[in-house]
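Every chain is numbered from 1, with letters handed out A, B, ... down the list of sequences. Nothing here was measured: the structure is a model prediction, and the numbers come from that model. Just the heavy atoms: all of them, side chains too, but no hydrogens, waters or symmetry mates, feed the values below.
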Amino acid sequence: MSRMNMIQAINSALDNMLERDPNVLIFGEDVGYFGGVFRCTAGLQEKYGVKRCFDTPIAEGGILGMAIGMGANGLRPVAEIQFADYIYPAFDQLVSEAARLRYRSAGEFWAPITVRSPCGGGIYGGQTHSQSPEGIFTHVSGLKTVMPSNPYDAKGLLISCIEDDDPVLFFEPKRIYNGPFDGYHDRALQPWTQHPMGEVPDDYYSIPLGKANIVRPGSDVTVICYGTMVHVCETAVKETGVDGEIIDLRTMLPLDLDCIVASVQKTGRCVIVHEATRTSGFGAELIAEIQEHCFYHLEAPPIRVTGWDTPYPHAFEWEYFPGPKRVGEALTRVMEDA
Amino acid sequence: MSRMNMIQAINSALDNMLERDPNVLIFGEDVGYFGGVFRCTAGLQEKYGVKRCFDTPIAEGGILGMAIGMGANGLRPVAEIQFADYIYPAFDQLVSEAARLRYRSAGEFWAPITVRSPCGGGIYGGQTHSQSPEGIFTHVSGLKTVMPSNPYDAKGLLISCIEDDDPVLFFEPKRIYNGPFDGYHDRALQPWTQHPMGEVPDDYYSIPLGKANIVRPGSDVTVICYGTMVHVCETAVKETGVDGEIIDLRTMLPLDLDCIVASVQKTGRCVIVHEATRTSGFGAELIAEIQEHCFYHLEAPPIRVTGWDTPYPHAFEWEYFPGPKRVGEALTRVMEDA
Amino acid sequence: MADETLRLHLPEPTTRPGMDPDASMIKVPPAGTLPKPPLDEPDDKMWDYALGMVRVLDDDHGAVGDWDPKLDADTLRKGLTYMMRTRAFDDRMLRQQRQGKTSFYMKCTGEEACGVAQAMALRPDDMLFPSYRQQSMLVARDWPLVDLMCQIFNNPKDRLQGKQLPVLYSVKGANFFSISGNLGTQFPQAVGWAMASAYKNDSKIAAAWVGEGTTAEGDFHHALTFAAVYQAPVVLNVTNNQYAISSFSGIAGGEQSTFAARALGYGLPGIRVDGNDFLAVYAVTKWAADRARSNNGPTLIELYTYRAAAHSTSDDPSGYRPKDEFTVWPLGDPIDRLKQHLIKLGEWSEEQHEALHQELEDEVKRDLKEAASHGTLGVRPCSPSTMFDDVFKELPPHLRRQRQEAGV
Amino acid sequence: MADETLRLHLPEPTTRPGMDPDASMIKVPPAGTLPKPPLDEPDDKMWDYALGMVRVLDDDHGAVGDWDPKLDADTLRKGLTYMMRTRAFDDRMLRQQRQGKTSFYMKCTGEEACGVAQAMALRPDDMLFPSYRQQSMLVARDWPLVDLMCQIFNNPKDRLQGKQLPVLYSVKGANFFSISGNLGTQFPQAVGWAMASAYKNDSKIAAAWVGEGTTAEGDFHHALTFAAVYQAPVVLNVTNNQYAISSFSGIAGGEQSTFAARALGYGLPGIRVDGNDFLAVYAVTKWAADRARSNNGPTLIELYTYRAAAHSTSDDPSGYRPKDEFTVWPLGDPIDRLKQHLIKLGEWSEEQHEALHQELEDEVKRDLKEAASHGTLGVRPCSPSTMFDDVFKELPPHLRRQRQEAGV
Ligand SMILES: Cc1ncc(C[n+]2csc(CCOP(=O)(O)OP(=O)(O)O)c2C)c(N)n1
Ligand SMILES: Cc1ncc(C[n+]2csc(CCOP(=O)(O)OP(=O)(O)O)c2C)c(N)n1
Ligand SMILES: [Mg+2]
Ligand SMILES: [Mg+2]
């Protein structure tokens with residue numbers, strides 16, 4: 001057991017899997033010798049050799065095309081896309097190929113690839129280093145979508161992704177790489193070493209995909225979130241005193257609907273928080289499912305707190321970011337409603 | 001005034017715009033001499049010359065990259081992507097470039113491009129000639145998304161798209177190119193000549209983006225749909241006798257929320273129908289908005305009738321397609337609820 | 001510069017429907033002129049191969065030059081048989097589509113030498129990443145036609161459970177990768193597959209195909225870049241059949257250079273080969289495969305041929321090219337050329353040819369009867385509930401709920 | 001083949017941190033050896049240009065050979081001044097980032113000749129589609145540094161209203177296209193822009209830049225394909241500064257060929273030029289621009305140079321390359337080389353150089369003071385409500401509602 005931040009936990013997951021399974025390969029832009037621009041693959045090339053962890057040309061479509069071919073030939077490639085904003089050049093390989101290969105061949109071929117990519121804003125990254133595209137991928141049948149909110153989960157979920165025989169997108173909220181960001185950029189960041197979920201086994205373990213985590217039980221309102229927003233929601237619950245039951249989805253697809261439905265049926269109220277743009281974001285899907293399964297339990301309209309429907313503006317990222325104040329207002333409002 | 005099918009109406013819109021505005025250019029795979037695999041550009045090269053209407057290499061990303069550059073240099077390019085399923089190779093140019101150019105340059109540059117693309121299934125096209133990706137684009141800030149349901153609208157909306165100074169996706173439901181498909185593939189297709197909306201002026205006219213159309217007023221339940229599904233919903237309303245108010249969105253983004261809210265507040269019930277896969281489809285967004293704005297008017301949970309979360313299976317497309325039977329069941333169920 | 005007015009160039013073919021067909025712009029070098037280089041020839045010594053054309057069969061049906069693979073007569077007859085079986089299959093299936101027995105079909109008429117000779121030059125366990133016009137490779141790998149027909153009919157013997165469009169086969173048993181409806185996507189995948197093979201110190205190589213039209217896709221560039229960077233053991237092929245649906249090859253960049261030449265910029269050898277010359281295709285493919293297998297790196301092959309039939313059953317070429325263009329095509333018919341060569345060798349005769357033709361017709365008819373006995377278009381391949389299978393390895397809860405809702 | 005074991009090749013640089021820097025693998029041809037071809041030279045006559053290197057300044061700082069653009073001393077001094085101003089600007093802005101006055105900065109140290117000479121060889125109304133390392137072009141177009149600094153500070157004088165990351169300028173007034181954070185995307189856009197220019201029978205051409213690392217993106221291939229097919233009046237440039245963040249050029253395919261050579265396969269001329277030789281860059285760019293402007297088609301230029309500084313302020317190159325690698329770089333420093341040339345011509349002196357250096361330092365300091373007086377990192381460029389502007393031309397209802405919800 002060690003104290004790890006998210007970067008170290010991800011590195012540890014990759015390390016364990018490289019060690020356990022000779023078919024695991026790691027690659028992406030700058031991930032080899034250099035160890036990745038966020039250092040998630042640091043030391044792995046030195047430890048396992050250049051054939052197990054290497055740099056690729058700058059062509060996200062090529063990276064995933066190659067990964068799919070490797071996956072179809074028995075390997076378990078783990079590709080890094082340097083920023084989630086740069087997944088789009090690989091969109092066709094993901095959507096038309098990785099996601100469809102098993103189906104169109106009726107199970108003859110498949111590609112067990114994992115795509116890791118840092119997402120989210122709050123690091124002054126501007127509009128092309130801050131996006132949260134997870135919602136888009138949940139609309140594509142054949143892909144799994146995962147986003148951890150802490151080092152312990154990050155490691156356990158990433159190992160599950162690598163072992164999964166379906167293509168999985170593993171989004172890493174870069175704002176919490178180093179600590180559980182409470183949503184206040186003007187306060188000092190608490191390091192993961194001071195957080196219970198920063199306690200991470202060095203050895204292999206896994207957390208199943210498709211299982212949400214109730215981070216904080218509560219009875220007033222269900223707060224559904226994932227990634228960075230888990231910590232923002234915790235702050236908001238603390239600040240407002242509203243007894244929120246905070247659900248960290250961990251996996252968006254497959255979704256742990258049972259957990260959500262049980263909670264909302266209990267609380268009758270719901271606030272959904274994500275950093276991605278609002279329109280057609282994953283929050284919409286959650287509301288659609290909630291009203292289908294909890295309609296008669298709802299005492300107030302569920303509220304979405306999300307990024308605005310604009311690119312992430314460099315100078316106004318804290319006006320864009322759905323921080324504790326906005327979440328808190330939603331919590332207060334959802335309690336006043338009805 | 002002529003009788004036109006959708007193909008002819010689209011062709012007429014392009015013809016009018018080529019004539020009115022020398023900056024309008026039309027291109028895409030096989031659109032030039034040949035006139036397009038669905039014949040939407042037939043005769044235009046002959047009439048306006050190869051410089052106004054021409055073939056492109058098979059590279060959707062290149063087509064839209066070129067279009068954006070032309071748009072930034074004062075032209076109004078209308079690009080055809082042969083099937084909506086093949087938009088994905090151009091995803092980055094659409095999402096990171098066309099949609100973001102005006103924003104990132106604070107209005108210095110923009111690209112007034114129109115992307116036409118046939119979408120939807122029901123023509124035995126299998127999983128790569130049947131998709132309805134419109135929902136994805138509504139999550140991307142900076143893009144407008146349009147889908148007509150009849151020849152008259154197709155022409156008027158397409159002209160608005162071409163004249164619009166923002167990038168617009170114009171999806172053409174190929175199942176209704178030749179007639180208002182009622183959802184029964186085993187019955188004869190009624191031609192557009194027998195439908196009032198097949199009556200189309202030869203001259204220029206436009207229909208504003210962002211305005212929905214109440215195709216059929218009703219008091220029992222609001223039925224929200226677009227494209228092919230408008231006709232399927234009409235069939236279902238007829239068959240069930242439920243007094244559905246059918247709203248044809250025409251534009252998904254910007255959305256005519258006022259029209260939707262007024263209707264749902266009146267009926268208290270709602271069925272949403274689209275052909276795209278369900279999870280995180282545009283139906284989810286509609287439900288999220290409806291519960292936000294009509295929560296206290298809702299008498300039953302809104303129901304989504306959609307394509308399943310699978311690729312479009314060639315042999316089972318009629319099991320996949322959300323036909324009148326499934327819509328009818330939803331209408332009945334939504335009336336029974338509560 | 002006196003005139004500073006910029007002008008936009010739009011490529012146009014020399015002929016259109018209603019005009020006399022014309023092939024005068026096609027330069028065909030004589031057979032046997034290019035020598036066969038060693039497997040480790042530096043790529044900058046190979047430009048003549050990218051811009052010229054490797055040809056073995058001469059105008060008198062003899063085999064000439066360094067590239068002659070010196071195949072024995074049995075092998076040649078086998079190749080001929082595969083080509084003729086492919087054509088018989090294509091003709092028969094086209095008719096099935098016309099009769100409404102399938103929704104769709106795509107012929108490879110005129111391109112049979114490419115697929116058959118390449119399949120024979122590769123090893124059976126080399127992995128093929130084919131396009132939709134590579135049925136001849138399955139024929140040459142002795143895959144039962146009945147199985148392909150059942151896929152086309154989407155009947156209960158369709159191994160793909162009706163999930164795929166007709167002809168978009170997936171035949172793992174023949175090391176033939178699932179064909180994608182999306183053009184070009186398989187090109188970088190083949191590179192990745194080959195890299196995995198090299199990573200595992202295996203001896204299997206990969207081969208992939210795109211049409212000349214498809215070379216414009218970014219995937220083509222990704223494949224060549226990654227193949228060059230990692231020296232992947234892969235044979236990358238461009239079937240230049242002159243057309244991409246209605247677009248002549250100039251729309252893909254064929255006016256400025258050959259498609260084999262694309263390789264040059266990556267420091268890879270590119271070889272253009274007479275795609276209607278069975279011997280040349282075999283020899284060039286074997287050379288590229290040997291090169292890959294001996295860790296000398298990837299090769300790009302341009303198979304210069306002609307799409308004699310329509311693009312697909314949804315297409316009518318009389319709308320965009322002279323009807324009789326095939327008759328002036330300078331490289332002839334691949335089946336006829338191999339037949340004449342065998343006859344010249346004294347290893348074949350018109351009578352044998354006619355007999356074989358009849359035999360294959362009968363065989364295909366028999367196969368068709370068997371396949372059709374399991375049902376044609378409209379029959380249910382299996383329970384609609386299978387529609388929800390294979391989206392994921394295991395059915396997730398939301399698909400279970402949807403399956404229930406579908407009542408299937 | 002005795003050994004049939006496939007092996008995976010992984011490109012590796014010859015040196016890493018802690019090792020002695022090494023440039024022995026870089027072959028630098030002597031200056032003045034390649035003749036200057038006519039504008040309509042067929043591309044297959046131009047392979048030597050893609051594989052060799054156009055150089056004008058020789059080791060004794062003289063200008064030699066056919067490519068010497070014979071610029072007058074004033075022009076040369078102007079070029080030198082632009083380069084020095086760029087470097088002064090870069091140095092100053094780096095310090096601003098270190099002092100927390102901006103979140104981000106990117107230097108172009110070592111690459112000043114590329115941007116300045118190219119900007120001077122093009123016409124002011126030619127449209128530039130730059131990458132993020134092209135600030136020298138704005139300097140050479142006399143765009144006020146204060147304006148750029150205000151963008152970097154996202155202060156109230158930032159014309160981009162704080163919407164963009166520092167250095168991702170948009171300067172329509174200088175015909176400098178909005179820089180994208182996404183690599184390569186602007187390459188096909190430049191082709192489209194140029195096609196529009198040709199369509200309108202205008203005389204303005206376009207030029208675009210990517211780094212050698214970015215050549216791997218599909219957009220690069222799309223640009224070359226479309227440029228070739230439509231013979232677009234565009235100059236496409238690859239700045240090969242040897243690195244893509246931490247990756248040496250071999251990861252982009254530099255082991256197998258040059259980046260200029262990529263053009264060959266498309267039937268386009270590719271020219272590699274000594275990117276640290278002001279005269280050579282000017283001459284080659286002028287040639288390519290003249291070619292485009294006279295309807296002779298597009299050209300691909302590889303600017304062979306060295307990224308002397310870190311990738312950006314987020315990067316530390318000591319983690320992946322020898323610290324003193326720049327000292328062994330065979331093509332030297334572009335500013336020093338032009339300075340020495342001018343001195344050799346008797347048109348410049350060490351004293352004048354030092355005086356100019358001081359003058360530019362002072363000027364940049366003054367500019368900085370002015371820019372900073374409007375605020376630095378943390379200041380609000382304008383009302384946050386502007387965050388909702390320019391998503392669309394007009395604010396749609398949903399953004400109006402969101403703006404209201406945001407309370408801004
Ligand atoms: C990404 C993508 N874009 C467009 C299409 C539609 N399409 C199918 S075949 C074809 C022409 C392909 O031409 P070519 O590559 O020359 O292959 P050929 O048919 O001649 O064998 C086109 C445009 C597609 N299937 N996928
Ligand atoms: C599509 C995309 N992928 C990845 C990145 C991240 N990234 C930014 S700069 C860079 C390296 C670019 O190297 P090169 O093209 O050689 O340009 P240079 O920085 O050397 O000028 C990378 C990988 C990006 N901005 N966009
Ligand atoms: Mg073709
Ligand atoms: Mg570089």
Side-chain angles (χ1 to χ4, degrees), chain B residues 25 27 29-39 42 45 49-63 65 82-83 85-86 88-90 92 123-130 186 277-279 305-320 325-326 329, chain C residues 8 10-13 16 103-104 154-155 158 160-166 168 180-185 211 213-220 244-248 250-253 311 314-315 319-320 377-382 384-391 396 398-399 402-403 405-406 408:
Chain B
L25 241 65
F27 47 80
E29 296 158 16
D30 302 293
V31 312
Y33 184 91
F34 186 54
V37 294
F38 288 104
R39 326 296 311 133
Q45 180 176 94
V50 67
K51 289 197 166 59
R52 304 289 306 278
C53 177
F54 57 86
D55 290 334
T56 61
I58 303 173
E60 292 75 11
I63 295 170
Q82 204 163 76
F83 287 87
D85 318 59
Y86 305 137
Y88 306 134
D92 192 46
I123 59 148
Y124 258 129
Q127 52 189 279
T128 53
H129 304 88
S130 302
D186 40 10
T277 52
R278 176 172 303 179
T279 298
V305 186
T306 68
W308 309 118
D309 283 339
T310 76
Y312 225 107
H314 184 257
F316 294 113
E317 65 176 13
W318 298 113
E319 282 78 7
Y320 182 93
K325 188 163 154 284
R326 279 173 60 200
E329 281 165 10
Chain C
L8 186 60
L10 278 307
E12 293 256 40
R16 286 295 193 187
S103 60
F104 186 73
N154 283 170
N155 70 24
D158 172 11
L160 306 187
Q161 303 184 310
K163 287 188 161 84
Q164 238 328 6
L165 204 63
L168 298 186
S180 179
N182 300 59
L183 295 170
T185 44
T214 304
T215 59
E217 290 283 7
D219 287 312
F220 176 80
I245 308 185
S246 76
S247 300
F248 86 118
I251 299 294
H311 171 71
S314 312
D315 175 51
Y320 51 81
L377 180 64
V379 75
R380 275 166 187 260
C382 46
S385 72
T386 57
M387 175 166 80
F388 295 95
D389 298 341
D390 296 319
V391 181
H398 71 289
L399 284 179
Q402 291 185 17
R403 188 173 68 184
E405 189 183 330
V408 289

Under 4.5 Å from a heavy atom of chain B, the part of [X] involved:
X: C:I251; value: both
X: C:H311; value: neither
X: C:D219; value: neither
X: C:L183; value: side chain
X: C:E405; value: both
X: C:T386; value: side chain
X: C:S103; value: side chain
X: C:L377; value: side chain

Does the side chain of [X] reach to within under 4.5 Å of the side chain of [Y], using non-hydrogen atoms?
X: C:N182; Y: B:F83; answer: no
X: B:F54; Y: C:P11; answer: no
X: B:Q82; Y: C:I245; answer: yes
X: C:M387; Y: B:E319; answer: yes

Taking [options] one by one, which has the highest count of heavy-atom pairs under 4.5 Å against chain B?
options: C:P166, C:A252, C:S314; result: C:P166
options: C:L399, C:D390, C:V408, C:V379; result: C:L399
options: C:D158, C:L8, C:L10; result: C:L10

[X], part contacting chain C, at a heavy-atom distance under 4.5 Å:
X: B:E317; answer: neither
X: B:T279; answer: side chain
X: B:F316; answer: both

Completion exercise
Heavy-atom nearest pair, B:I58 first then C:T214, reads CD1-N, 4.3 Å
Practice task
Determine the minimum heavy-atom distance between B:W308 and C:A406, stating which atoms define it.
Solution key: CZ2-CB, 3.4 Å
Fill in the blank from the handout: Between the CG atom in C:N154 and the NE2 atom in B:H314, the distance rounded to the nearest 0.5 Å is 5.5 Å
Exercise for the section: Apply ring-ring contact (aromatic ring centres under 6.0 Å, His included) to the pair C:Y320 and B:Y33, showing each step before the final yes or no. Expected result: CA-CA 7 Å; C:Y320 51 81; B:Y33 184 91; 8.2 Å; no
Greatest number of heavy atom pairs closer than 4.5 Å to chain C - which of [options]:
options: B:R278, B:H129, B:R326, B:E29; value: B:R278
options: B:G126, B:P89, B:P57; value: B:P57
options: B:Y88, B:Y312, B:Y320, B:Y124; value: B:Y124

Handout entry: Side chains of C:S246 and B:D30, donor plus acceptor under 3.5 Å
Key = yes
Problem - Any donor-acceptor pair under 3.5 Å from C:Q402 side chain to B:D309 backbone - result: yes
